[in-house]
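I have placed the structure first, in the form of structure tokens, so that the comments after it can refer back to it.
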Amino acid sequence: MGGAPTGGESTGGESTGGESTGGESTVVLTGRLETGAPDFVYLPFDVPARVREIAVAYSYDRPPVPAGTPGNSCDIGIFDERGTELGGKGFRGWSGGFRTSFAISRTEATPGYLPGPVRPGRWHVVLGPYQVAPQGLEYRVEVTLRFGEPGPEFKPAYPPERARGRGRAWYRGDCHLHTVHSDGRRLPAEVAAAAREAGLDFIVSTDHNTPSAHGSWGPLAGPDLLVITGEEVTTRNGHWLALGLPAGRFVDWRYRSRDEAFPRLARQVRRDGGLVVPAHPYCPYVGCQWKFGYQDADAVEVWNGPWTYDDESAVDSWDAALGEALRQGRPWLPAVGNSDAHSAPQVVGSPHNVVLAEDLTREDVLGGIRAGRSWIAESAAVRLEFTATGAGRQAGVGERLRVPADAPVDVRLTVSGAPGGTVRFLTDEGQLHQESLPADGAGTVVWRTTPSLAGYVRAEVRHPRADGTPGRGNSMGPELPWGPMAALTNPVFLGAPPQER
Ligand SMILES: [Zn+2]
Ligand SMILES: [Zn+2]
């Protein structure tokens with residue numbers, strides 16, 4: 001029920017105007033959606049020859065609803081004459097619920113939409129009614145076709161795939177950022193400036209459900225800032241980051257966990273050298289919780305923006321999965337953290353990843369993240385080194401220390417930039433060591449274990465709690481026993497892997 005438009009009226013006789021001298025015609029598409037409407041509703045309209053620009057405006061009613069009942073919320077986008085097939089070529093843009101109008105021509109398009117040829121044929125406006133009030137949702141979409149000669153061709157300026165690196169080194173980067181090309185208020189230039197300000201070496205452009213920002217990063221990247229192209233794929237059962245997409249590539253979002261599409265699209269992203277990273281898996285907003293599992297993931301975003309309780313949940317389930325991976329002898333899932341900054345006052349780079357990469361290139365940075373050779377910092381003020389040493393060997397974050405099961409292993413964290421902070425060492429047994437840093441936030445914490453006691457060790461640096469105390473990490477009580485995160489590392493694994501024992 002609900003999918004079919006109930007009315008289509010053609011208004012305006014303006015199409016009599018000569019095509020070369022302008023003139024326009026407008027089609028109005030109206031309809032009503034009830035509870036149970038499809039996730040996506042397609043409204044066809046025909047584009048004749050010699051259309052220079054398509055402009056769309058839409059609105060829908062917002063009847064009052066009782067507190068706790070979702071009111072009407074309807075997203076919008078458009079597909080061209082190449083069709084609406086999942087993952088097909090017809091995609092021409094998406095603005096979610098952020099804009100009430102948009103336009104597309106050969107020369108330019110509203111951010112979120114792809115400039116390019118306006119070819120004749122059957123196009124579709126797509127509506128995404130992701131919340132429908134009990135009273136239903138009445139929509140009105142106005143499509144205006146403006147006639148005339150097409151303007152010059154739009155030339156995207158994609159960013160280069162490398163910047164001036166320092167060779168094998170730790171590079172800082174935020175892999176989850178929005179601009180005006182989806183629901184952010186920052187221009188790409190403002191995001192690039194904020195990234196430099198935050199001391200970042202790289203960023204990934206991840207606007208929701210569209211690659212339209214990719215073509216604007218070219219002049220904003222530079223020797224000091226690598227810009228990697230990506231997308232935040234916003235499905236109805238969770239969001240995922242496609243990091244390192246070929247520039248201009250679009251990844252479809254029109255499916256749920258119950259459908260077959262996700263594993264196929266995830267494979268495609270990986271075949272192209274990109275990473276699949278479920279984002280903010282416990283975010284409580286509608287449709288934001290991750291329901292696709294982690295079999296097709298390369299990493300998981302356990303820390304999204306300012307530290308909140310859903311991040312605690314993400315770290316807990318990520319930590320549990322480390323134990324499972326150890327037991328089953330299969331690859332473990334690295335943790336990443338990103339700002340997901342949309343607009344001021346959200347801070348670009350808070351948090352971000354510090355990645356050990358061979359050089360400052362797309363391929364090397366993605367390789368470092370894929371291998372888990374990274375830790376998460378709330379800001380560039382936090383510096384950290386984490387190692388495990390035993391039997392004359394040393395291993396760092398994301399690596400394995402291959403020493404006998406009974407060999408003493410010294411786990412060492414050197415950190416600065418976390419005033420009043422508390423260091424926690426966690427293993428597959430939970431927190432086994434806690435030590436507070438001096439007031440200036442710099443210090444070294446050392447703790448001894450063996451591979452027989454700890455399959456892995458990871459570190460957290462926490463701020464004091466609201467009452468100023470460090471808390472006790474492995475105690476119970478009505479409040480969280482620790483303060484907000486300042487830094488979190490991927491694990492160091494200890495001893496031989498299970499398949500070699
Ligand atoms: Zn999201
Ligand atoms: Zn986001």
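Indexing begins at 1, ligand by ligand and atom by atom, following the structure's order.
- A distance-only check finds a donor-acceptor pair linking the side chain of Asn490 to the backbone of Ala335 [under 3.5 Å].
- Checked by atom type, the side-chain pair His178/Glu232 shows a donor-acceptor distance below 3.5 Å.
- Figure legend: cation-pi geometry between Arg465 and Trp482 absent, as NZ or CZ is not positioned both under 6.0 Å from the six-membered ring centre and within 45° of its axis.
- Residues Tyr171 and Leu356 form no side-chain contact, since every pair of their non-hydrogen atoms from C-beta on lies 4.5 Å or further apart.
- Considering Tyr255, Trp253, Tyr130 as possible partners of Phe40, the one that fulfils the side chain to side chain contact (heavy atoms under 4.5 Å, CB included) test is Trp253.
- Inspection of the environment of the Zn ion (ligand 1) yields the following protein N, O or S atoms under 2.8 Å: Glu232 OE2, His239 ND1, His280 NE2.
- Side-chain contact between Trp307 and Val315 is present, with heavy atoms from C-beta onward closer than 4.5 Å.
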